[in-house]
**Q** 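Just passing along the structure, written as C-alpha cells.
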Amino acid sequence: MRLLALLLMLFNTAARAGDGPLISGHVMLPVVISGNKLSLESFVVRPDRPGKFPLLVITHGMPGASGDVFFSEILNRSPVTYSKAAVAFAERGYAVVSVMRRGYGRSGGGFSERLQQACDYLPAVRASGEDVVAAVASLRNEPWVDADHVVLLGHSVGGLSVTAAAAQNMPGIVGVVNFDGGWHSFSAPEQPCSSERLVDTVAALGRAARIPALWLYAENDQFYGPDLARRMFTAYTAGGAPGQLHVLPPFGTNGHDTVALAPADDWFPSVEPLLEKLGLPTKSVVEPPLFAQLPSPPGAIAACQKAFADYLSNPDDAKAFAVSAMGGCGSGFGRTSTEAREPALTKCKINTRGGDCKLYAVGQKLAGD
C-alpha cells in the first residue's frame with residue numbers, strides 16, 4: 001500500500017507536468033532480498049490511463065572501471081539510461097520499470113555482485129538475478145500491472161541478470177530479452193578472464209531456465225562479439241533452455257550500447273516476433289506527441305538541434321537543457337529538475353569552451369514558464 005501511494009502520487013505529478021499520453025517518474029521500490037527489506041531506485045513509464053498493462057522490467061550493465069572509479073560510477077548511475085527502450089514499450093501499452101540493482105545509484109543493500117574468486121561469475125550473476133526477481137515480486141501486485149505477463153530485459157551484465165532470473169522460472173515471467181549479455185573482468189592486471197568462463201556460466205543457467213529468451217547481440221559489439229555470443233547461446237540452449245539468437249547490424253563504433261543509444265526502430269522489429277509468440281502487444285497504442293512539444297532553441301547548431309530532440313524524447317521530468325549565445329548546448333539529468341540544472345550549464349560551458357550559457361528548458365517546460 002505504501003508503494004501504491006508513492007506511485008499514485010508520482011504518476012499524478014508527472015501527468016500534471018507533462019500533460020501527455022504517457023506518465024513517468026522516479027520511485028524507490030521496496031523489495032525483500034534474502035529476507036532483508038530494502039529499496040531499489042527505479043524509473044517508471046506507462047500509459048496514462050486506467051487498466052492493467054503487461055510489465056517490462058529493465059536492468060542495467062556494469063562499468064568497466066575498477067577501484068574507486070568503479071564505485072563512483074555505479075553510484076552515479078541512473079535508471080533513466082534506458083529511456084528510449086522504455087518509451088518504445090510504453091507507447092505499445094506496457095508498464096515499464098527500469099530497476100537499479102543493489103549498490104547502484106541510490107539503491108540500498110550494498111554492492112552484491114563482487115566476484116568472490118577470479119573469473120567465477122556464476123555466484124555474482126545469481127545475486128544480480130535475485131534483485132530482478134525481487135523487483136518483479138514487488139511490482140506484480142500493483143493494480144496497473146498484468147501479473148501474468150511479465151517480460152525481463154537486461155543489458156550487458158543486466159543481460160546475464162535477467163538470464164539468471166529466468167532460471168528461477170518465476171510464475172508470471174513469460175519472456176526474457178538479453179541485450180549483449182556478458183561480464184568483462186580480469187583475473188589480474190592485463191589478464192582478462194577466459195571467455196570459456198562466460199560460456200560455462202550461461203550453460204549452468206540454461207540447465208534450469210524454461211522461459212523463452214531472445215538474445216540480441218550487435219555485429220560490432222566490441223566486448224561480446226557474434227562468435228562469443230553464438231558459443232554462449234549454444235551452451236545455454238544445450239541444457240534445454242528455449243531461446244533464439246539474433247545478430248543486430250552494427251551501431252556506431254561499438255554496438256554494445258545499441259539498446260541504450262540507438263533509436264528503438266533499429267532493434268524493436270527483432271523483438272516483435274517474441275512478443276507476438278507470447279500474445280503480447282507490438283503495435284503503438286499511444287500516439288505522438290508522447291511528451292511536451294517545445295520549440296527548438298533559436299540559433300542552435302545542427303548538433304544541438306538533434307540533442308534537443310533527444311532531450312524531448314526522454315520521458316524523465318528531472319532534466320534540463322542549456323544553450324549559449326553562439327548556438328552551443330548541454331543537457332543535464334538528475335533525480336529532480338533542480339538537480340539537473342547545474343550539469344546542463346556545466347556541459348554547455350564545456351562544449352562551448354566557457355561560453356555564456358543559460359537554461360533553455362527545465363523538465364518538460366521552457367525555463368521560466
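All figures in this text were calculated on a predicted structure; none of them were measured in a lab. Hydrogens, waters and symmetry mates play no part in the numbers below; they use all other heavy atoms, side chains included.
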**Q** Kindly indicate whether the side chain of His246, heavy atoms from C-beta on, has any atom under 4.5 Å from the side chain of Leu248.
**A**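 With C-beta onward as the side chain, the pair touches.
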
**Q** Let me check something: do Phe89 and Val151 share a hydrophobic cluster, defined by ILVMFWY side-chain heavy atoms less than 4.5 Å apart, either directly or through other members?
**A**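 Looking at the clustering, Val151 is in the same group as Phe89.
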
**Q** Supply the atom-to-atom distance Gln222 CD to Asp257 CG, rounded to the nearest 0.5 angstrom.
**A**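 Between atom CD of Gln222 and atom CG of Asp257 there are 11.0 Å.
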
**Q** Apply the hydrophobic cluster definition, ILVMFWY joined by side-chain contacts under 4.5 Å directly or through others, and give me every member besides Leu359.
**A**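 For the cluster that includes Leu359, the remaining residues are Leu345, Val362.
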
**Q** I'd like to check Leu216 versus Val177 (side-chain heavy atoms, cut-off strictly below 4.5 Å). Are they in contact?
**A**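 In contact.
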
**Q** Find out whether Leu22 and Pro315 are in side-chain contact, i.e. whether some heavy atom of one side chain is under 4.5 Å from a heavy atom of the other.
**A**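 No, every pair of side-chain atoms sits at 4.5 Å or beyond.
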
**Q** Which pair of heavy atoms, one from Thr237 and one from Thr234, lies closest together, and at what distance?
**A**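 Closest pair (atom of Thr237, atom of Thr234, distance): OG1-O, 3.4 Å.
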
**Q** Going by distance alone, is a donor N or O of one side chain under 3.5 Å from an acceptor N or O of the other, for Arg101 and Ser112?
**A**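 No pair is found: no donor N or O on one side chain lies under 3.5 Å from an acceptor on the other.
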
**Q** Where is the tightest heavy-atom contact between Ala124 and Arg114, given as atom of each residue plus distance?
**A**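 Closest approach of Ala124 to Arg114: CB-O, 4.2 Å.
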
**Q** With a 4.0 Å cut-off, would you call Lys306 and Asp310 a salt bridge?
**A**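 Yes.
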
**Q** Side chains of Thr81 and His60, heavy atoms from C-beta outward: is any pair under 4.5 Å?
**A**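 They are not in side-chain contact.
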
**Q** Which pairs count as ring pair (Phe, Tyr, Trp, His ring centres under 6.0 Å) when at least one residue sits in residues 145-178, sequence neighbours excluded?
**A**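 Output for this query lists Tyr82-His155, His155-His256.
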
**Q** Should we count CG of Asp356 as having more than 12 external heavy atoms under 6.0 Å?
**A**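 12 or below, so no.
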
**Q** Do the charged groups of Glu113 and Arg102 touch, with an N to O distance under 4.0 Å?
**A**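 No, Glu113 and Arg102 are not salt-bridged.
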
**Q** Can Tyr217 be reached from Leu198 by stepping across I, L, V, M, F, W or Y side chains whose heavy atoms are under 4.5 Å apart?
**A**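 Result: yes, single cluster for both.
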
**Q** May I ask you to decide if the ring planes of Phe111 and Phe70 are parallel, tilted or perpendicular, using 30° and 60° as cut-offs?
**A**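 Correct class here is perpendicular.
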
**Q** Using ring centroids (six-membered ring only for Trp), state whether Phe179 and Trp267 fall under 6.0 Å.
**A**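 Judged by ring-centre distance (under 6.0 Å), Trp267 and Phe179 do meet the cut-off.
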
**Q** With heavy-atom distances below 4.5 Å as the criterion, would you say the side chains of Asp146 and Phe53 are in contact?
**A**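 No, side chains not in contact.
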
**Q** Find out if a path of hydrophobic residues (ILVMFWY) with successive side-chain heavy-atom gaps under 4.5 Å connects Trp215 to Val125.
**A**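 Same hydrophobic cluster.
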
**Q** What is the distance from atom CZ of Arg77 to atom CE of Met100, rounded to the nearest 0.5 Å?
**A**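 It is 7.0 Å, given to the nearest 0.5 Å.
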
**Q** Within the structure provided, determine whether Lys277 and Pro212 are in side-chain contact (heavy-atom separation under 4.5 Å).
**A**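 Lys277 does not reach Pro212 side chain to side chain.
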
**Q** Side chains of Leu152 and Val136: closer than 4.5 Å at any heavy-atom pair?
**A**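 Yes. Closest side-chain heavy atoms under 4.5 Å.
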
**Q** When you look at CD of Gln168, are more than 12 heavy atoms from neighbouring residues, nucleotides or ligands closer to it than 6.0 Å?
**A**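 It does: Gln168 CD has more than 12 such atoms within range.
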
**Q** Same cluster or not: Val99 versus Leu38, using hydrophobic residues (I, L, V, M, F, W, Y) connected whenever any side-chain heavy atoms lie under 4.5 Å apart?
**A**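 Per the 4.5 Å side-chain linkage, Val99 and Leu38 are co-clustered.
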
**Q** Hydrophobic cluster membership, with links at side-chain heavy-atom distances under 4.5 Å among I/L/V/M/F/W/Y: are Leu214 and Leu228 in one?
**A**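 Per the 4.5 Å side-chain linkage, Leu214 and Leu228 are not co-clustered.
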
**Q** With sequence neighbours excluded, give me every ring pair (Phe, Tyr, Trp, His ring centres under 6.0 Å) pair touching residues 328-361.
**A**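 Every ring pair (Phe, Tyr, Trp, His ring centres under 6.0 Å) pair that includes a residue of residues 328-361, provided the two are not neighbours, is Phe308-Tyr360.
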
**Q** Determine whether Asp180 and Phe223 make a side-chain contact, defined as any pair of heavy atoms from C-beta on separated by less than 4.5 Å.
**A**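 No, side chains not in contact.
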
**Q** Please report the closest heavy-atom contact between Phe321 and Ala344, naming both atoms and the distance.
**A**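 Closest heavy-atom pair between Phe321 and Ala344: N-CB, 4.2 Å.
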
